[in-house]
2 protein chains.
Amino acid sequence: MPGDDPGIERALAKLRVRDVVTPEEERVFTASIAETRVIAAHRQIVRSGTTLSESTLLLDGLACRYKDLANGERQIQEVHVPGDYVDLHGFLLKTLDHNVGALTDVRIALVPHDALREITENHPHLARLLWFSTLLDAAIQRERILSIGRRNAASRIAHLICELYLRMQVSGLAEEGRYALPITQTDIADTCGLTPVHVNRMLRRLRGEGLMTFRGGEVVIHDWDGLVRVAEFDPTYLHLDRRPR
Amino acid sequence: MPGDDPGIERALAKLRVRDVVTPEEERVFTASIAETRVIAAHRQIVRSGTTLSESTLLLDGLACRYKDLANGERQIQEVHVPGDYVDLHGFLLKTLDHNVGALTDVRIALVPHDALREITENHPHLARLLWFSTLLDAAIQRERILSIGRRNAASRIAHLICELYLRMQVSGLAEEGRYALPITQTDIADTCGLTPVHVNRMLRRLRGEGLMTFRGGEVVIHDWDGLVRVAEFDPTYLHLDRRPR
DNA sequence: CGCCACGTTGAACCGCATCAAACCAGGTGG
DNA sequence: CCACCTGGTTTGATGCGGTTCAACGTGGCG
């Protein structure tokens, strides 16, 4: 495993933002990866219900957790950016209660659960950082509950765009108010609990108000403060502060 | 700390359903409690943003995690039953991104973060069980995202009632298709992303269809299979299976 | 060239919200 | 023992945000 793989670097960056990570811990983290793999867009990465013996780190591309209803409706529960551990929770749950799919072509790393277990036995601080990263996922999901439950359509979309901007920044993939987001309006609809048609109209409105543009797989934020206001976005839940954990 | 406190017993029961817990681990778990406390209904238990040095175990009564929007609307992100660790995630997040409130009079236990840290250092298996319990919270929240995002009003409510039934059962607080749920229709509305008025109408419908009754702070399930069908309820996400974790 | 996935736009519709009022039970004080 | 108050429940009338259905546009690609 090359220690300077940009994907692994993003995962480490995500940890370093939240706490000091020792070189030894970085070494153990990197060494835990058994193999990397490439998966095409729209393919499943992990299927709900199968017993797992390894967890998946997203190195490049976008992925999502989702669940389908009997009538075919889909709900995306979380969008993953490079550096995210997409199914670290599978380590202890043993089986996922949802699917993980590739939104774009992705490159992933596989980490055997044995290696994770070993970390919990011998590297408690690193184990806490991994635990933390699953707690961060949960915080993001809680904010999604608030969005879908109580925000209106425009606000939900604006909130998602704000959140992804900061998360992409942590992974070093955003600059000057713009970032690549090569997903469809239907994906956004499935994330926000809306229909593609309505997402289209709201995107047009946000663009018309000079707040942001989403086009050609790229987000450009024209007025961050305005977008934050519409979204009622408060980044506290992303816990972007370095503290001893 | 009396080891046979029914509240602590419920918390241990919740772990025992998912894995074998050794007597030594039970002792450590029980010993981690520094003090117990009683809090009146509708009081806050943990306020968003304050730095925490202890976590809260719910021994008796019902609590919830919630967030408010600027216009005063409230979204309950999770309902807690006795035996739940309401802010175990505060151990590593250091500060909560939401509030925790008492839905009824509650009795809680406080566990210093130092004790939790000590568990992660010296009792890795117990630490994994605690980690697991935060993952379970996340799974419950993911299912809520699906509910609010894609299920209709009646289905959302039915789903909540099904979920709480099983969770109360694990804590030994449900029997023969009935359990105490002394909360208001407004609380249900805030959990399901609906208005109290509409919750009232849907409850009436579920009752009219002979599926369930919610009255006087008690749930009576008349037709479990029918309720499950309306809710599209699949308990997989509650991970009610005992496995080595 | 023609297909196909995605984006865009309009018109009609509906599930749930909003507004408003009445009802009901338990609790309190006169 | 009644009068009153308060928080919660129930019901009706009306309105809106978002869905549904349908058509058309558009760019990439075999």
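We name chains A, B, ... by the order of the sequence lines, and we start the count at 1 in each one. Note that the structure is predicted; figures quoted are calculated from it, not measured. Atom set for the values below is all heavy atoms of this structure, side chains included, hydrogens, waters and symmetry mates excluded.
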task = Just grab all the salt bridge (Lys or Arg N to Asp or Glu O under 4.0 Å) pairs involving residues 221-239 of chain B, residues at least two apart or on different chains.
result = none
task = Mind jotting down which residue pairs meet the ring pair (Phe, Tyr, Trp, His ring centres under 6.0 Å) criterion with at least one end in residues 184-222 of chain A? Sequence neighbours excluded, please.
result = none
inquiry  = Over all strands shown, is B:Gly216 touching base, sugar-phosphate only, or nothing at heavy-atom distances under 4.0 angstrom?
reply    = nothing
request  = Check every strand shown and say whether A:Gly193 touches a base, only sugar-phosphate, or nothing at a heavy-atom separation below 4.0 Å.
outcome  = sugar-phosphate
query = Does the side chain of B:Val106 come within less than 4.5 Å of B:Ile45's, by heavy atoms?
reply = yes
note = What one should report as the nearest heavy-atom pair of A:Leu62 and A:Val81 is CD2-CA, 4.0 Å
remark   = Nt span of DNA chain C in reach of chain B heavy atoms at under 4.0 Å, 5' end first, is C:dC16 to C:dC19
Pairs flagged by salt bridge (Lys or Arg N to Asp or Glu O under 4.0 Å) wherever residues 136-164 of chain A is involved - sequence neighbours left out = A:Arg65-A:Asp137, A:Arg142-B:Asp97, A:Glu143-A:Arg151, A:Glu143-B:Lys67, A:Arg144-A:Glu163, A:Arg150-B:Asp190, A:Glu163-A:Arg167
key: side chain to side chain contact (heavy atoms under 4.5 Å, CB included) partners of A:Ala174, counting only residues at least two apart   = A:Tyr165, A:Met168, A:Gln169, A:Tyr179
inquiry  = Can you build the contact string for nucleotides 20-30 of chain D? Use B for base contact, S for sugar-phosphate-only contact, and - for no protein heavy atom under 4.0 Å.
reply    = BB---------
task = For the residue pair B:Lys14 and B:Asp84, establish whether any side-chain heavy-atom pair is separated by less than 4.5 Å.
result = yes
key: Set of residues satisfying side-chain hydrogen bond (donor to acceptor under 3.5 Å, both in side chains) with respect to A:Thr184, sequence neighbours excluded   = A:Asp187
Tabulate below the donor-acceptor pairs under 3.5 Å that side-chain atoms of residues 47-58 of chain B make, not counting sequence neighbours, or state none.
unit_1, atom_1, unit_2, atom_2, d
B:Ser48, OG, B:Leu96, O, 3.4
B:Thr50, OG1, B:Arg47, O, 3.0
B:Ser55, OG, B:Asp87, O, 2.9
B:Ser55, OG, B:His113, NE2, 3.0
B:Thr56, OG1, B:Asp87, OD1, 3.4

ask   = Do A:His89 and B:His239 have ring centres separated by under 6.0 Å?
value = no
key: Residues in contact with DNA chain D, drawn from residues 202-215 of chain B - heavy-atom cutoff 4.0 Å   = B:Arg204, B:Arg215
request  = With sequence neighbours excluded, give me every ring pair (Phe, Tyr, Trp, His ring centres under 6.0 Å) pair touching residues 37-78 of chain B.
outcome  = none
request  = Please work out which residues in residues 184-192 of chain B have a non-hydrogen atom less than 4.0 Å from an atom of DNA chain D and list them by number.
outcome  = B:Thr184, B:Gln185
key: Qualifying residues under ring pair (Phe, Tyr, Trp, His ring centres under 6.0 Å), relative to A:His159, sequence neighbours excluded   = A:Phe233, A:Tyr237
inquiry  = Tell me whether B:Glu176 is salt-bridged to B:Arg178, with the criterion being a basic N under 4.0 Å from an acidic carboxylate O.
reply    = no
